[in-house]
Amino acid sequence: MEENGEKRSLDFIRTIVEEDNESGKFGGRVATRFPPEPNGYLHIGHAKSICLNFGIAGEYGGTCNLRYDDTNPAKEDTEYVEAIERDVRWLGFDWDGLYHASDYFQALYDHAVTLIKAGKAYVDSLSADEIREHRGTLSEPGKNSPWRDRPAQENLDLFRRMKEGEFPEGAHVLRAKIDMASGNINMRDPVMYRIIQEPHYRTGDEWHIYPMYDYAHCVSDSIEKITHSLCTLEFEDHRPLYDWFLDELAVYHPQQIEFSRLNLNYAVMSKRRLLELVRDGYVNGWDDPRMPTISGLRRRGYTPESIRNFCTRIGVTKQESVIDISLLEHSVRDDLNKRALRVMAVLNPLKVTITNYPEGGSEELDAVNNPEDPSMGTRKVPFSGQLYIERDDFMENPPKKFFRLSPGVEVRLRYAYFLRCEGVVKDENGEITELLCTYDPATRGGDAPDGRKVKATIHWVSAPHAIKAEVRLYDRLFTVPEPGADGEDYKEHLNPDSLTVLKDRPVEPGLADAEPGVNYQFERLGYFTPDARDSKKGALVFNRTVTLKDSWAKEKNKP
RNA sequence: UGGGGCAUAGUAUAACGGUAGUACUAUGGACUCUGGAUCCAUCAGUCUAGGUUCGAAUCCUAGUGCCCCAGCCA
């Protein structure tokens with residue numbers, strides 16, 4: 001485990017892979033797969049699995065297949081298939097083989113026949129309720145089905161007729177004959193096939209029986225010559241069954257390894273809940289920017305790199321854990337800081353009139369596109385005597401540590417001039433409607449020739465030049481770290497303020513051509529990106545990806 | 001009370017019998033034409049009790065706590 005004299009720290013799965021490569025267990029071969037069921041959109045938890053499976057394949061010169069676990073026609077749909085492929089690609093991965101469990105329906109059927117002939121599987125004609133009753137409980141053994149010793153010929157005949165569609169759903173199932181007294185409930189004669197009279201999105205009405213996960217998955221892995229079959233912890237109990245099928249069939253045998261799934265606080269991650277949020281309109285679709293789905297994060301402005309980096313940071317173990325959402329946010333900020341174009345926009349505008357600026361005059365000033373990356377160049381930003389600044393950047397009676405604009409105080413307008421507030425205009429309610437200020441022409445570009453300093457730099461947009469945009473601010477979808485944790489309905493914890501829509505906000509005119517897929521930093525505010533669905537030329541819509549860290553906000557909230 | 005698994009700062013994650021380290025968070029400071037970024041510092045941890053050993057997060061024993069499993073879902 002030493003490379004270039006430096007110790008590498010491998011996660012437990014990579015450690016196993018390296019050991020297997022050394023011992024020659026799989027002939028030095030590494031083959032993984034990412035096996036989603038096309039019954040929903042991929043989320044950040046899937047990203048962990050994707051990064052793990054594709055990552056390991058890449059690191060060890062192996063292969064990684066994308067395989068749909070499409071064994072339940074009642075739940076699956078091509079819409080999901082397309083979304084899954086788009087999301088995996090967008091994350092930056094490409095699969096070696098693209099397969100479906102449904103590609104293997106015939107092979108699976110043939111293998112089932114083999115097990116029946118060997119007396120290792122039988123057709124059970126008990127009802128679902130009766131099977132449950134016979135299964136026993138966690139602490140009591142189950143009872144054998146009266147059909148358990150049906151002759152092989154009869155099993156074969158029944159199984160064939162199940163396939164042909166002769167029976168209604170629930171009439172029969174095919175079960176593995178293992179051990180009804182096993183402490184592991186998965187081994188109490190698990191169902192291998194059930195009758196489903198519904199067309200499959202790929203195989204149509206060719207089949208009337210469909211294999212269960214436990215049977216289909218291990219055989220699919222075997223067919224694809226997977227070496228390391230990585231899955232989440234809840235399948236640990238299923239491993240003996242995974243092994244049993246492959247051993248009984250005497251076929252190629254991958255190794256199943258389980259790791260803990262990703263949990264994020266202030267979010268829900270189960271497909272059931274995500275589907276419910278979408279279906280019942282709590283959010284606007286699977287790609288709503290508040291959703292922890294890959295498509296939602298993409299629309300929100302997250303980059304593939306930031307998600308991959310996040311997945312690296314969280315690691316891979318068998319410990320149940322809840323990752324702090326702030327780590328995800330840190331990952332985007334870290335990435336966007338390096339790549340986002342800096343621009344100026346004002347979300348909560350306050351009008352400023354510069355009383356000593358030439359009437360009706362304007363000029364263009366140079367602004368840096370990204371101080372972290374000089375190669376991104378500079379741009380011209382129009383300036384005039386009529387500006388918008390952020391309302392939060394002015395206080396008439398500032399507290400001690402407030403460094404921004406206030407009466408008599410001088411601040412710098414970013415890339416422009418020093419500005420001093422000389423007067424405050426209010427309406428009949430006492431609300432501030434406008435600031436009357438003066439500027440120092442000698443400070444053009446932002447530096448004073450006499451060397452005097454200001455405590456703050458604020459952003460601005462020239463009012464006559466500004467274009468207007470809609471800005472959508474997102475906050476966490478839930479108000480508590482673990483929604484629904486105390487047995488309450490997680491929907492009780494939905495954050496009513498998770499979306500704030502701001503209309504007609506002034507932004508600098510250079511943004512007129514902003515296209516989705518480009519990340520901007522609105523200086524001093526946060527990272528924003530045009531909404532891929534709703535933003536149009538002339539009707540811009542920006543999504544806030546994440547705020548900038550704001551130490552004044554903290555200071556402000558101190559008691 | 002059947003079976004399977006997991007316990008290291010607030011949250012994650014390293015250390016594989018030899019100085020408990022890293023990241024995020026929080027706090028304080030330096031710097032700054034973003035109160036951003038960057039840099040520095042601080043707070044803070046081996047589930048418990050025994051044992052083995054010169055030495056234990058690591059090995060042994062006994063406890064404790066938490067998670068998963070009784071779909072014809074995956």
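It should be emphasised that the depicted structure is a prediction, and the values quoted were computed from it without experimental measurement.
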Spacing between [X] atom [atom1] and [N] atom [atom2], to the nearest angstrom:
X        : N     : atom1 : atom2 : value
A:Leu233 : B:A7  : CG    : P     : 10 Å
A:Ile195 : B:G71 : CD1   : P     : 19 Å
A:Gln319 : B:C47 : CD    : P     : 10 Å
A:Glu198 : B:C73 : CD    : C1'   : 14 Å
A:Ile458 : B:G36 : CD1   : P     : 16 Å
A:Phe12  : B:G5  : CZ    : C1'   : 11 Å

Exercise for review: Specify whether A:Tyr104 and A:Tyr99 have parallel, tilted or perpendicular ring planes, treating 30° as the upper limit for parallel and 60° as the lower limit for perpendicular.
Suggested key: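 Taking A:Tyr99 first and then A:Tyr104, their aromatic rings sit tilted (interplane angle of 30° to 60°).
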Candidates [options] - which lies nearest the side chain of [X]:
X        : options             : value
A:Ser139 : B:G2, B:G36, B:A14  : B:G2
A:Arg342 : B:G5, B:U34, B:G35  : B:U34
A:Ile323 : B:A70, B:A12, B:U13 : B:A12
A:Lys75  : B:C73, B:G35, B:G71 : B:C73

Practice item. Look at the side chain of A:Glu372 against the base of B:G36 and say whether a donor-acceptor pair falls under 3.5 Å; ignore hydrogens and angles. Key: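 It does, because a donor-acceptor pair links the side chain of A:Glu372 to the base of B:G36 below 3.5 Å.
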Check your understanding: Side-chain donor or acceptor of A:Arg524 under 3.5 Å from a matching atom on the base of B:G35?
Key -> no
**Study point:** Euclidean distance, A:Ile257 CD1 relative to A:Lys318 NZ, rounded to 0.5 Å
**Key:**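 CD1 of A:Ile257 is found 9.0 Å from NZ of A:Lys318.
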Exercise for review: Nearest 0.5 Å please: distance from the OH atom of A:Tyr215 over to the CG atom of A:Leu108.
Suggested key: 5.0 Å
Under the ring pair (Phe, Tyr, Trp, His ring centres under 6.0 Å) test, residues paired with [X] that sit two or more places apart:
X        : result
A:Tyr210 : A:Phe105, A:His200
A:Tyr201 : none
A:His46  : A:His43
A:Phe402 : A:Trp552

Pairwise [atom1] distance, [M] and [N] [rounded to whole Å]:
N     : M     : atom1 : result
B:U64 : B:A49 : P     : 15 Å
B:U8  : B:G45 : C1'   : 6 Å
B:C47 : B:A9  : P     : 7 Å
B:U32 : B:U22 : P     : 28 Å
B:G2  : B:U58 : C1'   : 31 Å
B:U11 : B:G17 : P     : 28 Å
B:C16 : B:U46 : C1'   : 15 Å
B:A41 : B:C24 : P     : 14 Å

List the residues meeting salt bridge (Lys or Arg N to Asp or Glu O under 4.0 Å) with [X], not counting sequence neighbours, and say none if there are none.
X        : value
A:Arg188 : none
A:Asp87  : A:Arg298
A:Glu234 : A:Arg261

Indicate yes or no for a side-chain donor-acceptor contact from [X] to the backbone of [Y] under 3.5 Å, with no hydrogens or angles considered.
X        : Y        : answer
A:Ser406 : A:Val409 : no
A:Glu130 : A:Ser127 : yes
A:Asn369 : A:Met376 : yes
A:Asp77  : A:Pro38  : no

Between the protein and nucleotides 43-45 of chain B, list the N/O to N/O atom pairs that are separated by less than 3.5 angstrom.
none

**Study point:** Sub-6.0 Å ring centroid separation between A:Tyr439 and A:Tyr417
**Key:** yes
Check your understanding: Do the ring centers of A:His217 and A:Tyr213 come within less than 6.0 Å of each other?
Key -> yes
**Study point:** 5' priority, RNA chain B, between A:Ile314 and A:His172 [closest heavy atom]
**Key:**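 By nearest-heavy-atom nucleotide position, the 5'-most residue is A:Ile314.
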Review point. If each of A:Ser321 and A:Arg404 is mapped to the nucleotide of RNA chain B with the nearest heavy atom, which maps nearer the 5' terminus, i.e. the 5' end?
Key: A:Ser321
Check your understanding: Is RNA chain B part of any stem, that is, at least 3 consecutive Watson-Crick or G-U pairs with both distances under 3.5 Å, and where?
Key -> B:2-7 with B:64-69, B:10-13 with B:21-24, B:26-30 with B:38-42, B:47-51 with B:59-63
Point to revise | Reading 5' to 3' through nucleotides 25-30 of chain B, protein heavy-atom contacts under 4.0 Å coded B for base, S for sugar-phosphate only, - for none | key: SSSS--
Study note, to complete from the structure: Expected label for B:G63 (glycosidic angle, syn inside 90° of 0, else anti) would be anti
[X] side chain near [N] phosphate (N/O to OP1/OP2, under 4.0 Å):
X        : N     : answer
A:Arg135 : B:C72 : yes
A:Arg194 : B:A74 : yes
A:Arg313 : B:C24 : no
A:Gln521 : B:A37 : no
A:Thr71  : B:A74 : yes

Review point. Can you list, by residue number, the residues of residues 177-190 of chain A that have a non-hydrogen atom closer than 4.0 angstrom to RNA chain B?
Key: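 Residues of residues 177-190 of chain A under 4.0 Å from RNA chain B: A:Gly183, A:Asn184, A:Ile185.
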Practice item. Tell me which residues in residues 236-244 of chain A put a heavy atom below 4.0 Å from RNA chain B, sorted by number, or none. Key: A:Glu236, A:Asp237, A:His238
Counting the atoms with a prime plus P, OP1 and OP2 as sugar-phosphate, which does [X] contact under 4.0 Å by heavy atoms, base, sugar-phosphate, or nothing?
X        : result
A:Asn337 : base
A:Asp447 : base
A:Leu126 : base
A:Phe235 : base

**Study point:** Salt bridge flag under 4.0 Å for residues A:Arg67 and A:Asp221
**Key:** yes
Point to revise | Ion pair check, A:Asp440 and A:Arg452, cut-off under 4.0 Å | key: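 The answer is yes: the pair qualifies as a salt bridge.
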**Study point:** Verdict with supporting geometry, A:Ser125 and A:Arg150, side chain to side chain donor-acceptor pair (under 3.5 Å)
**Key:** CA-CA 10 Å; A:Ser125 306; A:Arg150 191 121 70 172; 2.5 Å; yes
Check your understanding: Has A:Tyr213 got its ring stacked on the base of B:A74, with centres under 5.5 Å and planes less than 30° apart?
Key ->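 So A:Tyr213 does not count as stacking on the base.
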